[in-house]
Every structure is written in structure tokens, then in C-alpha cells.
Amino acid sequence: MAGILFIISAPSGSGKSTLVNEVRRLVEGLDFSISYTTREPRGSEEDGREYHFTTRENFRAMIDRGEFLEWAEVFGNYYGTALAALDHARELGRDLLLDIDVQGALQVMTKMPGAVSIFILPPSPQVLERRLRNRSQAEGVTQEAIIERRLSQARLELLNLHRYSYALVNDDLDTAASEMRGIVLTERGAGAAQERTAAHNCRSDSRSAALTAALGHFEVEVADVTRYARRS
Ligand code: ADP
Ligand code: 5GP
């Protein structure tokens with residue numbers, strides 16, 4: 001039986017990797033697709049664990065050979081999901097999580113309409129900035145320009161939120177992880193009432209209080225998102 005493909009996107013620094021690790025601890029049978037990237041390893045990252053780190057030449061050769069389900073240029077580097085990861089999960093009948101940016105997510109939504117998409121957002125730009133700073137301090141590379149770029153990109157990415165099935169605010173980690181677990185179990189048809197309610201409240205069209213508040217802090221009105229949807 002084919003597994004479910006989960007697409008997860010979030011502005012950089014929202015806590016997506018942290019949340020995904022937590023959910024994989026809570027839920028069995030969720031494989032994670034290790035992307036290819038041309039960026040340099042950060043902090044304690046290891047080749048083949050967080051990413052397959054590669055050269056631009058090799059990445060371009062993989063594009064030419066048609067080896068990617070999707071790829072995109074993000075912050076000046078290439079990132080891509082290898083078709084091999086999808087084939088592998090399919091063979092094993094396992095669910096697969098793709099942690100990809102909005103450009104890549106839109107490609108996958110078109111190619112694989114059955115995929116379940118989840119957008120993770122931080123509760124406010126202030127919290128996002130703090131998380132970006134904490135992370136770069138921990139990694140010993142605070143670069144103002146990078147932080148500024150990621151903050152301004154975040155608001156643009158939020159305008160695509162309505163294209164995702166679910167939108168989850170990562171404020172308290174345990175709450176967000178439990179909501180994401182609810183989504184995964186519900187999509188598997190294995191959710192009890194509590195999980196189904198959690199999933200329902202996270203639907204991007206349900207406009208929960210947490211989602212409305214976060215969009216307000218980013219000064220993205222629900223109307224902005226709707227207007228954008230009508231234009232496209
Ligand atoms: P992303 O994968 O979205 O770029 P990370 O998972 O690297 O983000 O998280 C960015 C920073 O925010 C890290 O220092 C992480 O420990 C912290 N963080 C993640 N989620 C939370 C949360 N719910 N509350 C507080 N800090 C968080
Ligand atoms: P980071 O460099 O912070 O790990 O990731 C930067 C951005 O690239 C994040 O938004 C992340 O989701 C995205 N990303 C990681 N892997 C892929 C991928 O395979 N494809 C696409 N399109 N984006 C990716």
C-alpha cells in the first residue's frame with residue numbers, strides 16, 4: 001500500500017526541524033526525505049543525516065538526469081528532493097515527510113495532488129527573530145544580513161499559507177507537536193476524536209484563534225491571503 005506524502009513548509013527559523021524531529025519521536029512509521037543541497041553544513045550537521053551536501057556541478061547534473069521530484073533555489077543555494085527517496089518510501093509502503101520551501105511545495109502539490117501539506121508558522125516576527133538569533137549564536141555565525149533576509153522572506157511565504165491543507169502555529173513545542181501528530185494520525189484514518197479535533201482546528205481554512213493572532217502579528221490580514229488566492 002502506498003504511504004502518505006506529507007509536505008512541510010515554514011519560514012526558516014520557525015522551528016520546523018525541531019518540530020519534525022519531535023513528531024517523528026511521537027509517531028511510528030514516518031520516514032524523512034533527506035534533501036540534496038549545495039549549501040555548506042551548519043553547526044553539527046552531517047552529510048547524509050540532515051542533508052546530502054553536494055556541489056553545484058553535481059546538483060545540475062542530477063537536474064539534467066531528471067533525478068529530482070522538485071528542486072528550488074533558496075537563499076542562493078540549490079535544494080532538491082530526489083525521486084529515489086519517494087520510490088524507496090513507496091516500496092516500503094511508508095509515509096514520507098518532505099521538509100521543503102514554498103516553491104518546491106507548489107511543484108509537489110501539482111505533481112502529487114494527494115499529498116498532505118502543512119505550513120508551520122512562528123507566533124510572531126519577534127519570536128521568529130529571536131529563534132533565528134538563538135540558532136545562529138549557537139552555531140557561532142550571527143550574520144545580520146542573513147537574519148534580515150530570512151525575516152523579510154517569511155512574510156512573503158506566509159502569503160502562500162492558504163494553499164496548504166493545514167497551518168500550524170509553533171508557539172509551545174509540545175502543543176505544536178501534539179497538533180501535528182493529530183494531523184498525521186487523522187490523515188492515516190487512525191485518529192481518535194481528540195486527534196481529529198486537533199487536525200480540524202489546524203485546517204488552514206479554519207482560522208483558529210492562534211492562526212488569526214499570528215497572521216495579525218505579521219500584519220498579514222486574512223483578506224491579503226484571500227486576495228492573493230483570487231488573483232492566482
Ligand atoms: P527551522 O528548521 O524552521 O529553520 P529550527 O528547528 O532550526 O528551525 O529552530 C530554530 C530555533 O528555534 C532553534 O534554536 C530551536 O531550538 C528553536 N525552537 C524551535 N521550536 C521552538 C519552540 N516551539 N519554542 C522555542 N524555541 C523553539
Ligand atoms: P536550511 O538551509 O535552513 O536548512 O533550509 C532553507 C530552506 O530550504 C527551508 O525553507 C527548507 O524547507 C528548504 N529546503 C530544504 N530542503 C529542500 C528541498 O529538498 N527542496 C526545496 N524546494 N526546499 C528545501
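Whatever order the structure lists ligands and atoms in, that order sets their numbers, starting from 1.
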At a 4.0 Å threshold, what atoms of ligand 2 neighbour a non-hydrogen atom of [X]?
X	result
Thr81	19 (O)
Arg150	3 (O)
Gly104	22 (N)
Asp99	11 (C), 12 (O), 14 (N), 15 (C), 16 (N), 17 (C), 24 (C)
Ser12	3 (O)
Lys16	9 (C), 10 (O), 11 (C), 12 (O)

Checking the N or O distance criterion of under 3.5 Å, is ligand 1 in contact with [X]?
X	value
Ala10	no
Arg135	yes
Asn134	no

Quick one: look up the protein heavy atom nearest [atom] and list residue, atom name and how far away it is.
atom	answer
atom 4 (O) of ligand 2	Tyr51 OH, 2.5 Å
atom 2 (O) of ligand 1	Ser17 OG, 2.5 Å
atom 20 (N) of ligand 1	Asn170 ND2, 3.2 Å
atom 10 (C) of ligand 1	Gly13 O, 3.7 Å
atom 3 (O) of ligand 1	Lys16 N, 2.8 Å
atom 23 (N) of ligand 2	Asp101 N, 3.1 Å
atom 8 (O) of ligand 1	Gly15 N, 3.1 Å
atom 15 (C) of ligand 1	Thr18 OG1, 3.7 Å

Quiz item: Just which atoms of ligand 1 are under 4.0 Å from any heavy atom in Ser12?
Solution: 4 (O)
Practice problem: Would you mind listing which atoms of ligand 1 come within a distance below 4.0 Å of any non-hydrogen atom of Leu173? | Solution: 23 (N)
Self-check item: N/O separation below 3.5 Å, Val74 to ligand 2
Solution: no
Side chains of [X] and [Y]: does their closest heavy-atom pair fall under 4.5 Å?
X	Y	value
Arg39	Glu45	yes
Tyr36	Trp71	no
Leu185	Arg196	no
Glu67	Leu83	no
Phe53	Pro41	yes
Tyr79	Glu73	no
Val116	Ile7	no
Glu144	Arg133	yes

For [Y], is there an ion pair with [X] - N to carboxylate O distance below 4.0 angstrom?
X	Y	result
Glu195	Arg181	yes
Glu129	Arg150	no
Arg60	Glu57	no

Quiz item: Please walk me through it: do Ser124 and Arg130 pass side-chain hydrogen bond (donor to acceptor under 3.5 Å, both in side chains)?
Solution: CA-CA 10 Å; Ser124 68; Arg130 201 181 318 136; over 6 Å; no
Self-check item: Region of Tyr36 engaging ligand 2 - heavy atom pairs below 4.0 Å
Solution: neither
Quiz prompt | Part of Glu157 within contact of ligand 2 (heavy atoms, under 4.0 Å) | solution = neither
Any atom of ligand 2 sitting under 4.0 Å from a heavy atom of [X]?
X	value
Arg42	yes
Glu45	no
Arg39	yes
Gln107	no

Exercise. Please test Leu86 against Thr81 for side-chain contact (heavy atoms from CB on, under 4.5 Å), starting from the C-alpha separation and ending with a verdict.
Key: CA-CA 9 Å; Leu86 194 65; Thr81 307; over 6 Å; no
May I ask which of [options] has a heavy atom nearer to [atom] than the others do?
atom	options	answer
atom 18 (C) of ligand 2	Ala72, Ser35, Ala10	Ser35
atom 24 (N) of ligand 1	Arg131, Glu22, Glu50	Arg131
atom 20 (N) of ligand 2	Glu70, Gln103, Arg135, Glu40	Glu70
atom 14 (N) of ligand 2	Trp71, Tyr79, Phe68	Tyr79

Quiz prompt | Proximity to ligand 1 by part of Asp171, non-hydrogen separation under 4.0 Å | solution = backbone
Quiz prompt | Short side-chain to backbone donor-acceptor contact, Ser33 and Leu98, under 3.5 Å | solution = no
Exercise. Could you tell me whether the side chains of Glu187 and Tyr166 share a donor-acceptor contact shorter than 3.5 Å?
Key: yes
Quiz item: If you measure only the distance, is there a donor-acceptor pair under 3.5 Å linking the side chains of Arg24 and Asn21?
Solution: no
Quiz item: Once the angle between the rings of Tyr78 and Phe59 is folded into 0 to 90°, is it parallel (under 30°), tilted (30 to 60°) or perpendicular (over 60°)?
Solution: parallel
Quiz prompt | Reference residue Asn170; test side-chain contact (heavy atoms from CB on, under 4.5 Å); the match among Arg131, Glu179, Met180 | solution = Arg131
